Asks: 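Below is the structure I would like to discuss, written out as structure tokens.
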Amino acid sequence: MIRTHLEDQVALVTGGARGIGAAIASRLAAGGAHVIVNYRGSEDDANAVVTAIHAAGGSAEALQADVADAQATETLFRGVFSEHGRLDILVNNAGVAKDALLATMRDRDWQKVIDVNLGGLQRCTRLALQRMMPARSGCIVNLSSIQALRGGRGQANYAAAKAGVLGLTRAAALEVADRGIRINAVLPGFIETDMTAMIQRRAGDEVLARIPAGRFGTPEDVAGLVLFLCSEDAAYITGQAFTVDGGMSIA
Ligand code: NAD
């Protein structure tokens with residue numbers, strides 16, 4: 001059994017209203033943490049995640065902020081710190097994809113993907129560290145992607161952002177390891193969520209044929225790994241990148 005012991009801990013999951021983020025929020029809450037479900041626009045979805053956590057006996061609240069907006073993100077963290085006085089776990093999950101071939105990619109689609117997936121993640125990490133460093137403890141998990149390693153046709157912006165997440169994870173982990181703070185990255189393969197729904201409809205069989213495990217991943221497959229990384233059993237693990245892809249990246 002994984003020693004979770006997240007009781008009395010406060011966790012923030014960005015983009016936690018659906019998909020992988022919602023599954024992570026539920027698992028952290030089941031582990032005993034009070035979970036802040038951040039959302040950008042989908043208040044109803046975020047409230048539904050919170051209601052489900054409460055129904056299962058957990059503790060959670062929903063807080064709005066666009067992580068690509070510096071001021072809104074600072075307000076989010078200020079609110080968390082003033083309400084709870086601590087932040088033990090940050091899961092940088094919020095992400096977007098705007099696929100296009102690089103030769104014809106619009107500047108705004110490049111910028112948007114960098115701003116959310118990398119810019120928002122570095123801002124949230126920085127703000128969290130301001131509280132975790134004096135506390136001399138904390139755990140941050142960053143959602144990267146196997147596209148950080150493989151590229152991906154039509155995904156130059158996304159692959160660049162997710163590769164940037166790996167660099168940031170390692171550099172930041174080095175800076176704060178001696179303060180008892182761990183920072184790791186998770187690289188999902190093809191997980192069934194809204195983000196991948198269109199690809200699944202258009203080319204699902206083709207993608208499935210490239211997954212040795214013979215099935216698409218589920219948000220719960222990723223959430224289990226994130227929960228482990230936030231647990232006491234992962235106390236000596238930092239600056240690492242973990243793939244959860246049913247073997248896709250080695251096929
Ligand atoms: P999703 O689109 O279902 O969910 C992403 C969530 O992030 C949504 O709730 C969305 O509203 C939120 N979000 C987007 N921009 C935001 C912003 N600016 N501020 C706050 N929230 C914002 O996608 P998902 O599949 O659940 O992906 C979750 C994470 O996992 C992302 O970082 C994604 O890049 C990564 N990932 C997903 C897959 C996959 O196959 N689904 C694979 C690799 C990596």
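This one's a predicted model, so the numbers in the text were calculated from it and none came from an experiment. Both ligands and their constituent atoms are indexed starting at 1 by order of listing.
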Asks: As an exercise, state the distance from CG of Leu149 to CD of Gln147, rounded to the nearest 0.5 Å.
Replies: 9.0 Å
Asks: First locate atom CG of Leu143, then atom CG of Asn92, and finally report the distance between them rounded to the nearest 0.5 Å.
Replies: 8.0 Å
Asks: Just to confirm my output: which protein heavy-atom neighbour is closest to atom 40 (O) of ligand 1, and how far is it?
Replies: Ile191 N, 2.8 Å
Asks: Strictly under 4.0 Å, does any heavy atom of Gly217 approach an atom of ligand 1?
Replies: no
Asks: Is it the side chain, the backbone, both or neither of Val96 that has a heavy atom closer than 4.0 Å to ligand 1?
Replies: side chain
Asks: Taking C-beta and beyond as the side chain, do Leu118 and Val165 meet within less than 4.5 Å on heavy atoms?
Replies: yes
Asks: Answer side chain, backbone, both or neither: which part of Ser144 comes under 4.0 Å from ligand 1, heavy atoms only.
Replies: backbone
Asks: Following the transitive rule for hydrophobic clusters with a side-chain heavy-atom cut-off under 4.5 Å over Ile, Leu, Val, Met, Phe, Trp and Tyr, establish whether Leu187 and Met195 coincide in one cluster.
Replies: no
Asks: At less than 4.0 angstrom from any non-hydrogen atom of Met195, what atoms of ligand 1 do you find?
Replies: 2 (O), 3 (O), 23 (O), 25 (O), 33 (C), 34 (O)
Asks: When you measure from atom 13 (N) of ligand 1 to every protein heavy atom, which one gives the shortest distance, and what is it?
Replies: Ala94 CB, 4.0 Å
Asks: Using 0.5 Å steps for rounding, measure from the NE2 atom of His84 to the CZ atom of Arg131.
Replies: 11.5 Å
Asks: Kindly identify the option in Ala148, Ser42, Gly95 whose heavy atom sits closest to atom 14 (C) of ligand 1.
Replies: Gly95
Asks: Tell me, which protein residue and heavy-atom name are nearest atom 12 (C) of ligand 1, and how many Å apart are they?
Replies: Gly15 CA, 3.7 Å
Asks: Between Asp45, Thr193, Asp69, Val91, which one has a non-hydrogen atom sitting closest to atom 24 (P) of ligand 1?
Replies: Thr193
Asks: Do any N/O atoms on Phe190 end up under 3.5 angstrom from N/O atoms on ligand 1?
Replies: no
Asks: Test of understanding: given a 4.0 Å heavy-atom threshold, classify the contact between Ile146 and ligand 1 as side chain, backbone, both, or neither.
Replies: neither
Asks: Could you pull out, from Val207, Asn93, Ile20, the option with a heavy atom nearest to atom 29 (C) of ligand 1?
Replies: Asn93
Asks: Between the side chain of Thr169 and the main-chain N/O of Asn184, is any donor-acceptor distance below 3.5 Å?
Replies: no
Asks: With a cut-off of 4.0 Å, which atoms of ligand 1 are near a heavy atom of Ala65?
Replies: 19 (N), 20 (C)
Asks: Distance-only, no hydrogens or angles: does the Asp221 side chain make a donor-acceptor pair with backbone N or O of Val244 under 3.5 Å?
Replies: no
Asks: Does ligand 1 have an atom that lies less than 4.0 angstrom from a heavy atom of Thr196?
Replies: yes
Asks: Using the rule that Ile, Leu, Val, Met, Phe, Trp and Tyr join whenever any side-chain heavy atoms are under 4.5 Å apart, tell me whether Ile20 and Val49 fall into a single cluster.
Replies: yes
Asks: Side chains of Gln64 and Glu43: donor-acceptor distance under 3.5 Å anywhere?
Replies: no
Asks: Quick one: does any side-chain atom of Gln240 pair with a main-chain N or O of Thr238 as donor and acceptor, under 3.5 Å?
Replies: yes
Asks: Below the 3.5 angstrom mark, is there an N/O of Tyr158, backbone or side chain, next to an N/O of ligand 1?
Replies: yes
Asks: Of the choices Gln147, Gln64, Arg40, which has the non-hydrogen atom that lies closest to atom 15 (N) of ligand 1?
Replies: Arg40
Asks: Counting N and O atoms only, with roles assigned by atom type, does the side chain of Arg210 sit under 3.5 Å from a partner on the main chain of Met248, one being a donor and the other an acceptor?
Replies: no
Asks: If you have a sec, work out which protein heavy atom is nearest atom 19 (N) of ligand 1 and how many Å separate them, to one decimal?
Replies: Val67 N, 3.0 Å
Asks: Heavy atoms only: which of Ala97, Gly16, Gly189 lies closest to atom 38 (C) of ligand 1?
Replies: Gly189
Asks: With a cut-off of 4.0 Å, which atoms of ligand 1 are near a heavy atom of Asp66?
Replies: 17 (C), 18 (N), 19 (N)
Asks: Check each atom of ligand 1 against the heavy atoms of Gly19 and keep those under 4.0 Å away; list them by number with element.
Replies: 26 (O)
Asks: Test your reading of the model: is there a side-chain donor-acceptor pair from Thr14 to the backbone of Asn38, 3.5 Å cut-off?
Replies: no
Asks: Around atom 43 (C) of ligand 1, find the nearest protein heavy atom and jot down its residue, atom name and distance.
Replies: Pro188 O, 3.4 Å
Asks: Arg126 and Gln122: side-chain donor and acceptor closer than 3.5 Å?
Replies: yes
Asks: Give me the residue, atom name and distance of the protein heavy atom closest to atom 8 (C) of ligand 1.
Replies: Arg18 NE, 3.7 Å
